[in-house]
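These notes are about the structure you will find just below.
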Amino acid sequence: MATERYNAPDREKHWQTVWDAKNVFRTATDTSKPKCYVLEMFPYPSGRIHMGHVRNYTMGDVLARAKRAQGFNVLHPMGWDAFGMPAENAAMERKVHPKKWTYENIAAMKGQLKSMGLSLDWSREVATCDPAYYVHQQRMFLDMFAKGLAYRRKAKVNWDPVDNTVLANEQVIDGRGWRSGALVEQREREQWAFKISAYSDDLLEALGTLDKWPEKVRLMQENWIGKSEGLQLRWKLDPTTAPAGHTELEIFTTRPDTLFGASFMAIAPDHPLAKAAAASNKALADFCDECRRMGTSLAEIETAEKKGFNTSIKAVHPFDPTWTVPVYVANFILMDYGTGAIFGCPGGDQRDIEFAKKYGLPVIPVVAPKDEPARSKAIAKVHEGVPFLDDGVMVNSRFLDGMTTKAAFDEVAKRLEREKLAGKPVAERKINYRLRDWGLSRQRYWGCPIPVVHCAACGTVTVPTMDLPVTLPDDATFDQPGNPLDRHPTWRHVPCPKCAKPATRETDTMDTFVDSSWYFARFTAPDATSPTDTAALDYWMPVDQYIGGIEHAILHLLYSRFFYRAMGETGHAGRQNLREPFAALFTQGMVVHETYSRAGIDPPQWLLPSEVAIAGEGDARTATEIATGKPAVIGDIVKMSKSKKNLVDPDDIIAHWGADCARWFMLSDSPPERDVIWTEAG
RNA sequence: GCGGACGUGGUGAAAUGGUAGACACACGGGACUUAAAAUCCCGAGGCAGCAAUGCCGUGCGGGUUCAAGUCCCGCCGUCCGCACCA
């Protein structure tokens with residue numbers, strides 16, 4: 001027998017059992033000690049952990065252990081983001097109930113996480129699909145409803161025709177569903193929304209206080225909120241040309257200084273004025289219909305021609321009653337931004353200049369560079385079709401001539417605020433945000449039920465707190481598309497809580513991002529009988545270090561920031577008057593791996609790393625498919641994913657080399673914020 | 001189109017404007033061993049040279065500075081986010 005070697009799997013198992021038996025990582029609120037709340041984004045229980053989890057949780061674990069060693073009382077919990085579509089898909093494909101599938105996955109993944117030797121307080125484990133968790137979410141929803149922070153609205157929604165559900169704007173990527181990849185359609189529908197837009201400015205301003213967040217994430221959120229300051233400005237319509245009842249057109253502009261460059265108005269196909277005009281104009285009605293049919297995909301938007309239709313309505317320039325410009329319906333104007341109407345200034349905008357040329361409208365240069373030689377050149381170029389709208393001085397703009405753009409902005413605002421139209425100021429300063437309210441209704445079974453009842457007599461009635469939770473029926477069917485709650489024979493039929501007459505439950509469930517918007521607060525008191533426990537929150541919040549993937553830079557982090565504010569408003573966020581739940585954020589890099597595919601086949605047939613043999617070194621490396629002996633192609637190094645099959649199972653690594661080895665490599669190979677290239681050799 | 005990040009050996013990567021390549025992997029040589037693995041020691045940016053040493057080197061081209069991987073200007077390339085947002 002050779003000398004005894006360190007047997008990693010054996011020793012690791014031993015100590016993990018000891019830690020478990022002695023509850024060494026259990027944490028209690030202890031105000032005599034300084035606290036440190038270390039949190040990694042909780043996983044979706046897909047069934048197996050992957051290398052991204054290993055990296056994420058190792059980083060958090062190292063920090064938690066270090067802080068513990070430094071004398072901090074460390075909260076390091078773990079739970080499950082357990083609602084969501086994959087469970088329902090599994091139900092449809094494999095005839096297994098979402099609940100069963102989810103809890104089996106949780107059990108399997110919990111075992112894997114334990115094999116990693118993480119110092120987690122498992123006594124605080126929560127699963128968002130547990131009624132003991134979502135009952136509190138329903139309570140908070142009702143509290144938010146009472147405060148007007150959750151409301152019902154008829155809205156155009158992003159409809160995913162594959163998953164048969166509504167998606168939030170944030171979940172539409174390049175015009176496709178973030179999960180299904182299907183082209184998203186626009187549909188009108190009653191649905192629930194959170195009033196995140198009420199916090200636009202606060203969410204934006206407070207980014208400045210998040211000095212322990214990556215600059216990149218703050219910038220992404222800033223852009224997403226998209227603040228723009230401008231002027232809301234009403235143009236009088238020429239009464240001889242306008243439909244009855246329409247006397248003016250309100251537009252939003254960030255560049256009122258360019259008002260003397262106006263050569264047309266453009267309104268959205270859904271704009272009330274467009275609809276009124278279309279009522280007596282068949283060709284216009286057809287044009288509007290065509291615009292509505294146009295998809296929202298990236299490809300369609302980029303290739304779609306900028307088209308307009310002259311309504312023959314004329315708008316009167318606010319500074320010159322003799323100057324009128326034509327009003328077009330245009331396919332590139334969005335009804336839900338600003339007022340759904342703009343004035344076009346071809347001198348300063350590529351899109352406007354193309355539009356003007358196409359329809360033979362004037363092009364007036366109104367902004368020019370400050371220095372003389374550049375000026376005449378720029379003006380000449382504008383006439384040729386090259387817009388100029390940089391900082392400069394005003395030209396061709398009457399009383400604005402010679403002013404800087406900034407001064408001209410203020411001058412126009414000042415004059416038009418004084419000017420009256422129909423008794424009201426012609427214009428007012430206005431701030432617009434790109435951020436829209438968060439549509440949270442999902443036509444799905446495996447999500448938190450929205451605790452309201454629709455009654456023919458009483459309207460929308462909330463479920464009384466004592467009747468919560470509204471739980472999901474276990475006996476739903478998953479054999480056809482659509483929402484199983486809608487076709488359940490009995491679940492939806494309940495008496496109205498107010499008048500007791502027959503009524504129907506809301507069958508929409510909540511977006512799973514709601515579940516993950518407050519779990520960090522629940523971890524501080526997972527057994528509290530109210531959604532949160534004030535004393536626990538006051539001690540533990542905020543999260544001192546949050547760690548997760550950059551892919552959540554907008555959705556999850558912005559929603560959580562909003563939700564904690566809403567929780568404050570409804571008395572669930574403790575006494576600290578804390579608005580920001582995450583004091584510090586770290587976004588770790590991805591785990592990436594080479595891809596392999598069968599040679600000479602397109603589209604590629606991917607091979608698992610374990611299915612290929614590599615020979616040679618450097619540029620001379622070659623790959624062979626082990627099973628067939630045929631050559632394989634070594635492809636790009638990309639994020640590990642099922643679709644590209646470039647996966648390495650953490651279990652194999654842990655079983656062979658031990659968890660310490662896997663953890664060590666993850667931390668030592670590349671800086672934590674950067675991608676780590678997983679190689680067996682490494 | 002807008003916003004951002006990045007570009008340094010064979011590889012992962014270090015460098016408050018002050019000796020570029022720390023540390024490590026891989027590699028080469030050596031020790032130990034019958035042999036290997038493991039371990040330990042030594043070497044190493046490139047070119048030239050037996051060597052001492054010299055020259056060249058942080059994507060490319062300029063600039064500021066006593067001094068630039070680092071700061072400024074202009075390119076090239078890669079990656080990420082947003083995008084008919086008025």
Side-chain angles (χ1 to χ4, degrees), chain A residues 2-6 169-170 172-175 214-233 250-259 261-262 264-269 271 291 294-308 330-346 348-352 354-355 387 389 430-436 549-555 558 587 589-590 592 616-621 636-639 664-682:
Chain A
T3 38
E4 200 179 339
R5 298 279 304 277
Y6 176 68
N169 285 337
E170 290 86 339
V172 179
I173 295 151
D174 293 348
E215 178 72 26
K216 181 184 169 68
V217 174
R218 285 185 289 165
L219 257 161
M220 283 165 70
Q221 293 213 355
E222 187 182 322
N223 291 336
W224 188 264
I225 294 166
K227 181 178 185 170
S228 55
E229 298 179 52
L231 215 56
Q232 199 132 306
L233 161 59
E250 187 165 46
I251 58 104
F252 175 72
T253 178
T254 55
R255 295 301 297 265
D257 47 302
T258 64
L259 205 48
F264 65 94
M265 312 291 283
I267 61 178
H271 194 280
C291 293
M294 196 184 75
T296 52
S297 79
L298 179 70
E300 282 179 87
I301 285 168
E302 279 197 339
T303 54
E305 207 182 339
K306 306 283 179 276
K307 276 202 240 177
N331 63 353
F332 54 86
I333 304 297
L334 305 171
M335 190 56 220
D336 60 355
Y337 186 79
T339 63
I342 62 155
F343 78 82
C345 174
D349 184 272
Q350 190 62 46
R351 189 187 62 201
D352 288 353
E354 280 165 19
F355 192 86
L389 198 65
K430 172 100 200 229
I431 294 168
N432 263 315
Y433 296 92
R434 214 182 69 96
L435 183 68
R436 305 297 150 74
I550 187 73
E551 66 273 21
H552 292 111
I554 297 173
L555 301 181
L558 191 61
T587 52
M590 297 182 298
V592 297
E617 254 176 57
D619 291 342
R621 290 183 344 128
D636 294 340
I637 298 173
V638 298
K639 181 180 182 177
W664 195 277
F665 175 70
M666 280 293 188
L667 293 177
S668 63
D669 185 68
S670 283
E673 68 277 8
R674 230 174 280 188
D675 290 351
V676 61
I677 301 171
W678 183 273
T679 61
E680 183 86 11

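Chain naming here is simple, since letters A, B, ... match the order of the sequence lines and numbering starts at 1 in each.
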Report the glycosidic orientation of B:G9: syn if within 90° of 0, anti in every other case. syn
Take atom NZ of A:Lys430 and atom C1' of B:A86, then tell me their distance rounded to the nearest Å. 14 Å
Go through the steps to decide whether A:Phe355 and A:Phe264 satisfy the test ring-ring contact (aromatic ring centres under 6.0 Å, His included), and finish with yes or no. CA-CA 9 Å; A:Phe355 192 86; A:Phe264 65 94; 4.7 Å; yes
Hey, does A:Leu334 reach any base, or is it just sugar-phosphate, or nothing, if we go heavy atoms under 4.0 Å? base
Between B:C82, B:C85, B:G3, which nucleotide has the shortest distance from any of its atoms to the side chain of A:Ile554? B:C82
Distance check, C1' atoms only: B:A5 and B:G54, in whole angstrom units. 39 Å
When you measure from the side chain of A:Asp675 to the backbone N and O of A:Val592, does any donor-acceptor pair fall under 3.5 Å? no
Between the main-chain N or O of A:Asp349 and the side-chain N or O of A:Arg351, is there a donor-acceptor pair closer than 3.5 Å? no
pair_partner(B:G1), Watson-Crick or wobble, both distances < 3.5 Å, evaluates to B:C82
Closest to the A:Pro671 side chain: B:A13, B:C82, B:A86? B:A13
What nucleic acid atoms does A:Ile333 come within less than 4.0 Å of, heavy atoms only: base, sugar-phosphate, or nothing? base
Which one is paired to B:U33, where only Watson-Crick or G-U wobble pairs with both distances under 3.5 angstrom count? none
Which atom of A:Phe252 lies closest to which atom of A:Gly338, heavy atoms considered: CB-CA, 4.2 Å
Distance check needed: B:A13 C1' versus A:Leu667 CG, whole Å only. 15 Å
Any strand counts, and the cut-off is 3.5 Å on both contacts for Watson-Crick or G-U wobble. Which nucleotide pairs with B:A68? none
Partner of B:G43 under the Watson-Crick or G-U wobble criteria, both distances under 3.5 Å, comes out as B:C27
Reported CD1-to-CE distance for the pair A:Ile267 and A:Met335, which is rounded to 0.5 angstrom: 9.0 Å
Quick one: look up who B:C50 pairs with, Watson-Crick or G-U, both distances under 3.5 Å, and put none if it's unpaired. none
Atom P, compared across B:G21 and B:A14: separation rounded to whole Å: 15 Å
Rounded interatomic separation in angstrom, taking CE from A:Met220 and P from B:A5: 13 Å
Distance test, side-chain N/O of A:Arg674 to OP1/OP2 of B:A14, below 4.0 Å: yes
Which base, if any, makes a Watson-Crick or G-U wobble pair with B:C6, both distances under 3.5 Å? B:G77
B:A86 phosphate, OP1 or OP2, under 4.0 Å from A:Arg434 side-chain N/O: no
Rounded to the nearest angstrom, tell me the gap between atom CD in A:Glu673 and atom C1' in B:G12. 13 Å
Should the side chain of A:Arg436 and the base of B:C85 be counted as holding a donor-acceptor pair, with the cut-off at 3.5 Å? yes
Mapping A:Lys216 and A:Ile342 onto RNA chain B by nearest heavy atom, which one lands closer to the 5' end? A:Lys216
